Amino acid sequence: MPQIPQTLHELSVGQLSARSGAAVSALHFYEAKGLISSSRTSGNQRRYSRDALRRVAFVRAAQRVGIPLVTIREALAELPEERTPNREDWARLSEVWRKELDERIGQLHRLRDHLTDCIGCGCLSLETCVLSNPDDIVGERITGSRLMPERRKSPGRT
């Protein structure tokens, strides 16, 4: 891994990629989404401040636990002067995100627990299907999957 001299205050996209472990394309994507920013040299090359390393680490850690990029961007924008997050910022934000993750985990547990209700059916056309007909909303009108249209009886058919 290339070492960055302490006197170097700006990083090229290649240096930031090598140090952060993020692909150059990911760094460009993060910049397009407003998660990191760069300046341009006279030759129109991107240059990132050294604190971009911490911002990229913050973004990647938040992504690993399932936080959407829009939520990460909003959190970074709330920091004073959009500074780099520190340990206290992470602790505060992760507490908020913990609640969101707990809710998602609960939803996934409910989905998993109801998934076995449909495995025996195979076509998701149970009278009450919690996957394709949550809370049996369609069951008030018809039975079966909501994806199956009602069949009209033709004259002469019973």
Side-chain angles (χ1 to χ4, degrees), residues 1-126 129-138 145-148:
M1 178 178 317
Q3 293 297 314
I4 299 173
Q6 289 296 326
T7 56
L8 184 64
H9 297 290
E10 293 185 325
L11 308 172
S12 69
V13 69
Q15 290 169 323
L16 182 59
S17 173
R19 287 291 306 272
S20 68
V24 169
S25 59
L27 297 173
H28 290 169
F29 180 76
Y30 291 165
E31 187 171 358
K33 295 296 182 184
L35 299 165
I36 59 175
S37 61
S38 68
S39 58
R40 296 288 180 146
T41 66
S42 59
N44 203 30
Q45 295 176 335
R46 287 180 169 94
R47 290 293 184 258
Y48 297 90
S49 62
R50 290 178 69 90
D51 71 332
L53 281 168
R54 184 177 295 246
R55 287 179 77 89
V56 171
F58 178 89
V59 169
R60 294 184 80 198
Q63 280 186 295
R64 273 193 296 278
V65 296
I67 305 301
L69 285 179
V70 67
T71 304
I72 299 168
R73 184 180 63 235
E74 290 167 357
L76 289 170
E78 289 177 11
L79 297 175
E81 299 175 15
E82 295 189 12
R83 67 170 165 72
T84 301
N86 58 30
R87 185 181 306 248
E88 292 78 26
D89 296 324
W90 179 259
R92 180 178 44 78
L93 292 169
S94 65
E95 186 60 36
V96 173
W97 293 342
R98 178 182 298 275
K99 293 173 188 168
E100 293 174 20
L101 291 172
D102 286 342
E103 288 174 18
R104 270 195 261 160
I105 290 168
Q107 289 171 341
L108 288 170
H109 280 288
R110 287 188 294 280
L111 177 61
R112 180 204 56 209
D113 294 345
H114 290 297
L115 184 62
T116 56
D117 296 342
C118 292
I119 288 175
C121 163
C123 67
L124 300 177
S125 64
L126 293 173
C129 180
V130 295
L131 294 180
S132 64
N133 185 14
D135 301 321
D136 199 22
I137 297 167
V138 179
S145 172
R146 68 176 174 192
L147 303 176
M148 301 293 291

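For clarity, every value in this text was computed on a predicted model and none was experimentally measured. In what follows, every heavy atom counts, from backbone to side chain, and hydrogens, waters and symmetry copies are set aside.
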Please name the pair of heavy atoms, one in Ser94 and one in Ala91, separated by the smallest distance, quoted to 0.1 Å.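 In terms of heavy atoms, the two residues are closest at OG-O, 3.1 Å.
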If a pair satisfies side chain to side chain donor-acceptor pair (under 3.5 Å) and one of its residues is in residues 61-72, list it, with sequence neighbours excluded.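 Pairs touching residues 61-72 that pass the test: Tyr30-Gln63.
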With [X] via side-chain hydrogen bond (donor to acceptor under 3.5 Å, both in side chains) - residues at least two apart:
{"X": "Ser17", "result": "none"}
{"X": "Glu74", "result": "none"}
{"X": "Ser37", "result": "none"}
{"X": "Arg60", "result": "none"}

More than 12 foreign heavy atoms under 6.0 Å from CZ of Arg54: is that the case here?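 Counting neighbours around CZ of Arg54, 12 or fewer heavy atoms of other residues, nucleotides or ligands fall under 6.0 Å, so no.
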Within 6.0 angstrom of Arg87 CZ, more than 12 heavy atoms from elsewhere: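 At most 12 heavy atoms, drawn from other residues, nucleotides or ligands, come within 6.0 Å of this atom.
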Please enumerate all residues that pass salt bridge (Lys or Arg N to Asp or Glu O under 4.0 Å) together with Arg92, with sequence neighbours excluded.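 Here the qualifying residues are Asp89.
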Report the residues that fulfil side-chain contact (heavy atoms from CB on, under 4.5 Å) with [X], sequence neighbours left out, ordered by chain and then residue number.
{"X": "Glu88", "answer": "Asn86"}
{"X": "Ala62", "answer": "Ile67, Ile72, Trp90, Trp97"}
{"X": "Arg47", "answer": "Glu10, Ser12, Ser39, Thr41, Gln45"}

Taking side chain as C-beta onward, heavy atoms only, is Ser49 less than 4.5 Å from Thr84?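 No, every pair of side-chain atoms sits at 4.5 Å or beyond.
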Should Leu11 and Arg19 count as side-chain neighbours, where that means a heavy-atom distance under 4.5 Å?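 Side chain of Leu11 against side chain of Arg19, heavy atoms only: no contact under 4.5 Å found.
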Residue pairs passing the salt bridge (charged side-chain N to carboxylate O under 4.0 Å, His left out) test where at least one lies in residues 21-38, sequence neighbours excluded: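 Output for this query lists Glu31-Arg46.
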